[in-house]
**Q** 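Provided herewith is a single structure, encoded as structure tokens, for subsequent inquiry.
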Amino acid sequence: MDKKVLSQKSIDSTCQSMIKKAEDEGIETIWDRLEKQQPQCGFGELGVCCKICMQGPCRIDPFKVGAQKGVCGANADTIVARNLVRAIAGGTAAHSGHAKHLAHILSKSAKGEFKDYPVKDPEKLKAVAARLGVDIEGKNNEELAREVARLALEEFSEKEGPNLWAATTVTKGRVDTFSKLGVVPGGIDSAISEIMHRTHYGVDADPVNLLLGGIKCSLADYAGCHMGTDLADILFGTPQPVVTEANMGVLKENAVNIALHGHNPALSDIIVQVAAEMQDEAKNMGASEGINLVGMCCTGNEVLMRHKIPPLTHSVSQELAIITGVIDAMVVDYQCVIPGLANLLDCYHTKLITTMPIAKISGAQHMELNEENARECAGDIIKTAIDSFGNRKPEKVNIPKEKNTAIAGFSTEAILGALGKVDSEDPLKPLIDNIVNGNILGVCLFAGCNNAKVPQDHNFVTMVKELAKNNVLILATGCGAGAFARYGLLTPEATLEYAGDGLKAVLTAVGEAAGLNGPLPMILHMGSCVDNSRAVDVAVAVANKLGVDLDKLPVVASAPEAMTEKAISIGTWAVSGGLPTHVGVIPPVLGSDLVAEVLTVKTKELVGGYFIVETDPLKACEKLLEAIKKRRQGLNI
Ligand code: BF8
């Protein structure tokens with residue numbers, strides 16, 4: 001495979017060398033399977049294929065020659081809208097399932113049943129409880145945890161009034177806008193089941209009404225994300241800046257390498273705690289450097305943010321981790337863990353360990369997390385990994401050398417803490433002053449996945465350099481943040497190299513005030529995908545301080561390599577939150593002019609935000625910069 005072909009798959013040199021190794025060994029990866037799927041179904045790409053009832057599948061002829069209606073009479077607009085809102089419901093179910101899991105853990109922890117999950121951040125517990133309207137006076141941690149967990153669990157089912165996690169964390173202006181449109185979600189599960197109901201055969205056939213339903217469900221997704229962040233911070237600690245290294249060079253030949261993959265910290269955080277106590281066991285088995293934990297995808301982000309576990313690789317390159325030949329165990333929870341991993345187990349010694357009852361993979365070993373005995377489960381899993389170390393196949397070992405320094409851990413609290421070093425009375429003032437004086441032109445939140453259809457990380461890296469040059473402050477989460485970590489872009493050196501003068505001056509002033517002897521990293525890594533809620537908290541604080549709503553701020557978002565249903569639901573709530581939101585992959589909506597028009601134009605009138613679909617990363621930057629400048633004009637700055 002020549003260099004050009006490799007760079008069309010990934011721009012990461014470690015990934016390229018592992019793709020090459022896979023090819024030499026005759027091993028199939030995600031890119032080979034994408035190739036075998038060509039040409040992909042054009043009807044599916046346009047969103048005009050309907051499989052909702054058994055009279056189908058039906059598809060609408062985009063050239064307007066053949067069928068224009070499905071068997072039931074649904075046209076392209078209805079079919080595209082139904083498919084899209086079902087994807088939003090899928091994303092919402094995933095994010096909120098993660099949050100619900102943590103709510104159950106907090107509930108049992110408060111009752112003394114899950115002893116391995118004490119409250120780690122009582123301050124955050126108090127802050128969340130107060131925000132939810134709990135009288136916190138004189139209550140101890142257990143009482144507060146019980147009330148927060150009860151309120152969290154109540155947020156899932158049918159309930160009177162708005163969802164608390166959505167309504168208490170956005171601006172009043174947003175709540176008013178959502179109320180006017182009738183899209184305020186109540187229970188999260190109710191919102192999901194409402195979408196499944198209204199997209200069932202013969203229910204909602206009005207595409208605009210369906211899309212409004214999608215907005216409502218996306219706000220339930222937002223509530224689930226925010227709850228996921230809040231509860232994880234309460235149980236495992238609120239992140240503060242950490243320095244570590246990223247990319248495959250963090251693997252160690254003489255250590256038991258355990259990759260933590262998926263999304264939820266419920267098990268991975270415990271593994272981090274227990275592994276620290278089992279280093280000698282690994283050494284006794286011949287691993288002279290003990291246990292080396294590494295992170296993948298959003299579970300990786302969770303343990304990076306709280307424990308500086310080095311991120312290894314992300315999203316489309318997850319199989320390549322195993323192809324290094326030194327992953328002794330890959331421990332997975334749920335979401336974004338591809339079944340393709342199991343296909344590698346015949347060739348490599350890696351133990352693929354599934355741990356959640358809802359996420360098993362044929363061929364993997366299942367060691368289920370029992371939260372009543374979480375430390376013991378973690379210990380068993382680590383022992384399995386240590387045993388696996390002895391089964392390495394030396395001829396398969398090839399660790400790419402490249403790794404880069406990465407600074408992460410920028411929770412809202414950490415960002416406000418750093419700004420508070422500049423102005424302790426009014427931490428937001430330095431940020432707002434610099435937005436007003438133009439040192440910071442605007443803010444862009446980079447989120448979302450890699451997508452095998454896009455050269456891995458190409459859009460992320462191209463865009464971030466261009467925007468930073470134009471003095472846009474960059475926040476990042478998910479696999480996007482992971483990409484930036486692997487290329488050394490989460491560093492002060494990147495600020496010095498790529499940031500425009502204004503941005504550089506601000507990041508330097510804050511970094512020096514915070515005692516870093518240099519600038520803050522060019523990109524602030526805020527965590528996993530549910531942690532996009534942290535970016536909302538910062539934006540809401542700025543909006544409230546300025547006395548304007550979110551749709552007036554020079555703040556934009558981008559998912560330049562979006563892939564999952566979760567990315568669709570996050571994108572939809574970012575738009576609903578008032579943000580111009582870029583997507584760098586064509587979503588399956590082009591089969592309906594009406595749906596495409598609503599998403600890219602009409603939503604601007606309804607909620608202030610809108611989608612920008614642009615596959616060229618530099619053109620996308622132009623459009624985002626234009627959107628930021630328009631917002632600045634609107635604010636007269
Ligand atoms: O939740 S960015 S590939 S890992 S979906 Fe998945 Fe996408 Fe990565 Fe995190 Ni988010």
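Everything numeric in this text was worked out from a predicted model, so none of it was measured. Atoms within each ligand, like the ligands themselves, are counted from 1 in listed order.
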**Q** For ligand 1, which atoms sit closer than 4.0 Å to a heavy atom of G448?
**A** 2 (S)
**Q** As an exercise, identify every atom of ligand 1 less than 4.0 angstrom from a heavy atom of T564.
**A** 5 (S)
**Q** So is A567 in contact with ligand 1, going by heavy-atom distances below 4.0 Å?
**A** no
**Q** Below 4.0 angstrom, N of the basic side chain to O of the carboxylate: do D121 and R306 qualify?
**A** no
**Q** Can you tell which part of Q335 has a heavy atom less than 4.0 Å from ligand 1: side chain, backbone, both or neither?
**A** neither
**Q** Is the number of heavy atoms from other residues, nucleotides or ligands within 6.0 Å of CD (E35) greater than 12?
**A** no
**Q** Is it the case that N450 and Q456 place a side-chain donor and acceptor less than 3.5 Å from each other?
**A** yes
**Q** Are H525 and M305 packed together at the side-chain level, in the sense that at least one heavy-atom pair is separated by less than 4.5 angstrom?
**A** yes
**Q** Has C298 got an N/O/S atom less than 2.8 Å from atom 9 (Fe) of ligand 1?
**A** yes
**Q** Do any N/O atoms on N450 end up under 3.5 angstrom from N/O atoms on ligand 1?
**A** no
**Q** Compute whether any side-chain donor of one residue and acceptor of the other, for D537 and H226, lie under 3.5 angstrom apart.
**A** yes
**Q** Taking the minimum heavy-atom distance to atom 1 (O) of ligand 1, which of E565, H263, M296 ranks first?
**A** H263
**Q** Does even one non-hydrogen atom of S315 get within less than 4.0 Å of ligand 1?
**A** yes
**Q** I'd like to know if atom 6 (Fe) of ligand 1 has an N/O/S atom from C479 within less than 2.8 Å of it, counting both backbone and side-chain atoms.
**A** no
**Q** Would you check if C444 and S558 make a side-chain contact, meaning some heavy-atom pair closer than 4.5 Å?
**A** yes
**Q** C336 heavy atoms, cut-off 4.0 Å: which ligand 1 atoms fall inside?
**A** 3 (S), 4 (S), 5 (S), 6 (Fe)
**Q** For atom 10 (Ni) of ligand 1, what is the nearest protein heavy atom, given as residue, atom name and distance?
**A** C529 SG, 2.2 Å
**Q** For ligand 1, which atoms sit closer than 4.0 Å to a heavy atom of C297?
**A** 4 (S)
**Q** Are N532 and W573 close enough that a side-chain donor and a side-chain acceptor fall under 3.5 Å?
**A** no
**Q** Output the list of atoms in ligand 1 that are nearer than 4.0 Å to some heavy atom of M563, sorted by atom number.
**A** 3 (S)
**Q** Given side chains that start at C-beta, do those of Y334 and H98 come closer than 4.5 Å, heavy atoms only?
**A** yes
**Q** Short check: any N/O/S atom of C449 below 2.8 Å from atom 7 (Fe) of ligand 1?
**A** yes
**Q** Taking everything shown except K124 itself, do over 12 heavy atoms lie less than 6.0 Å from its NZ?
**A** yes
